[in-house]
Structures are given as C-alpha cells and as structure tokens.
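Quick caveat, the model's predicted, so the values are computed rather than measured.
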Number of protein chains: 2
Amino acid sequence: MTGAKSSPTRNTPQRAAVLRALGNCQDFVSAQMLHARLVTADCAVGLTTVYRALHQLQATGQVDVVRDGTGERLYRRRSTAGHQHYLLCRDCGRSRPVDSRVVERWAERIGETSGFTDVEHTVELTGVCGRCRPTAH
Amino acid sequence: MTGAKSSPTRNTPQRAAVLRALGNCQDFVSAQMLHARLVTADCAVGLTTVYRALHQLQATGQVDVVRDGTGERLYRRRSTAGHQHYLLCRDCGRSRPVDSRVVERWAERIGETSGFTDVEHTVELTGVCGRCRPTAH
DNA sequence: CATGGACATGGAATTCATTTTCATTTACGC
DNA sequence: GCGTAAATGAAAATGAATTCCATGTCCATG
C-alpha cells in the first residue's frame, strides 16, 4: 500500500475531548451520554462532532460498537487487539468481555463455505448481572 | 408456569393479512416494506397494526428478527423449530440460514458460567453473496 | 338476535437516535 | 501570515418505532 492515508484527519481539541471522555468511561456509552458528559464538563463539544468522532474511531478500529435492546449504538474504547465481544447487563449496562474464539472460528468457517465474501459478524450477549438481579425473597 | 396464555389474541383479518404477506416474502422484510405491500394490495392495514402484529409474532416465536446495518428490524416467518441465525447479503438482502449449533452451545455455556441470568444472544452475519459480487475482471 | 365490554384498529402526533445542511471557524502546510 | 481544505456545531431533516385516543369489531353471554 502506498499512500493509504485515506482520511487526512486533523488534530482538534474536540476530537481529543471525545477520545478522552471515552477513555474515562469504564463501560459502553451511547453517543448521547458521551455528549452529555462533555457538555457538563468544561469542554463543550457539539453532538454532531461526537457522532463524527465516533464514526472515525469505529472506522479505524479504536472503539467497539454494540447495540442495546432498542437498537441504540453503544461505544467503548478498545483495549485488546482484534475485536472483542461482550456480555451486557440489560439493567445497568455493565459489560464484561467474553471469550469468543469459538464464535470467531465459526464465523470464519461460514465465510469460507458459504459462497459469500467479506463476511462480518456481530454478536450481542445480554443478561441480568448478579448485582441487578432482585433477590427473590 | 401454568396458563401461560398471556396474550389472548383475537383473529382479525388484518392480522391474517400481515401473516399472509409475511408468508409471501421469501426473505427478511422490514415492517415498513410489509406495510407498503399491504397498502398496495387490496387489503390495507395500518402501520401501527403491522408493528403490533409483528411484535406478537416475535413474542410467540413465529418470526425471526434480525437487524440490518442501520439498526432497522427485519422480520421473516420462521420455518424450523428453535431459533435460527442467518447470513444476510449486504447488497440484495438475500439470506441463507446457517448452522449455528456451535454458537448456541457457546452462548449457553456463557450463561452458566458468567453469573448473569436470562442470557440471550443475537448473532448477525453479513456478507456479499455471489450474485452481488462484482466480477473483478 | 341483541348487548356489552374487552380487545383491536389506524391515523395522527410524538419520541428519539442519527444524519444532513450550511455558514462559520480552525488547523496546518506553505 | 495566508490560503484552503477540513472541521465544527446549531438547526433542521430524516426515519423507524411508539404512543394516543376515538372508533370499530370480535365473541361470550343473556
């Protein structure tokens, strides 16, 4: 690849703020939540910009994206290399990564045997975490 | 659970029309598309009713639901028992069922070992089918 | 057959995440 | 500093999905 720098992104304080705010979140957050935080904090950033920044981060693989039950997108800064799947609590939104190597291999296999190309997969696991489960007295 | 007939659904021509229209579709359709068809056909059904019917069908396990790239819900009448996963073509929307027993078992295991309860999973596989792939001459 | 009430319908209005528009501002190579 | 392509952001648009609510209709009764 020669000049594969397809997006000549600029360094702006807003983008830095989004990335920083995202880094402060321990769990998945929606673009809206992120924007709300940024407004509350000293550095206000427009909602549009938050969306744009998140798009870029997604395109460059710097965040993982999942969908909650309503279809809303949730973002989280990616820690490990390669992509990762999570088990999300339906109540509190807490997440925990899960070992998805089995699924990765499965999806890969499907890609090879299906006649389809560029096979991608998304896996959403949801449940109710121990802290949210009401003690059935 | 004894009398789990939680929803005393009635037989209405509209609901029948939705189910029939759904049966005519070979592939996944959105509620909007379905509604458009029903309006074009002789039997007009309100959009609201289409959504309600689809909700019920989903609750009773008569349709499978997936999400396309934009998060829009797509519905398809279920053929086999138990739930089923599909590989969707990103271009034409054509779908093919895939053998997902591996994933089922994996999800089940996660449910048992995670400390979460009521673990559910959704898996979306997308790709480009042979017919849609441009011949890279 | 008549009746009543629970369930169902559907058009309009609403909600809400996300995207688009566009005038203005800003980063950064020169 | 200058110019310009990129970035910003407020407002408006989009579009799926849901809620509202007045009206309609299925169906178990009398």
> Could you give the CZ-to-P distance, from B:R15 to C:dG10, as a whole number of Å?
Replying inline: 11 Å

> On DNA chain D, nearest-nucleotide positions of B:G71 versus A:H35: which is more 5'?
Replying inline: A:H35

> Is B:V123 close to A:W106 at the side-chain level, that is, under 4.5 Å between some pair of heavy atoms?
Replying inline: yes

> Just by distance, with hydrogens left out, do A:Y75 and A:Q62 show a side-chain donor and acceptor under 3.5 Å apart?
Replying inline: no

> If we ignore angles and hydrogens, is there a donor and acceptor under 3.5 Å between the side chains of A:R76 and A:Q26?
Replying inline: no

>> Would you say A:Y51 and A:Q32 are linked by a side-chain donor-acceptor pair, where the criterion is simply a distance under 3.5 Å?
In response: yes

> Between the side chains of A:H121 and A:H85, is a donor N or O closer than 3.5 angstrom to an acceptor N or O?
Replying inline: yes

>> Can you measure A:L34 atom CG to C:dT18 atom C1' for me and round it to whole angstrom units?
In response: 15 Å

> What string of B, S and - do you get for nucleotides 19-30 of chain C, 5' to 3', if B is base contact, S is sugar-phosphate-only contact and - is no contact with any protein heavy atom under 4.0 Å?
Replying inline: BB-----BBS--

> Taking C-beta and beyond as the side chain, do B:D64 and B:Y86 meet within less than 4.5 Å on heavy atoms?
Replying inline: yes

> To the nearest angstrom, how far is A:L54 atom CG from D:dT8 atom C1'?
Replying inline: 15 Å

>> Rounded to whole Å, please give me the gap between CG in A:D68 and C1' in D:dA17.
In response: 14 Å

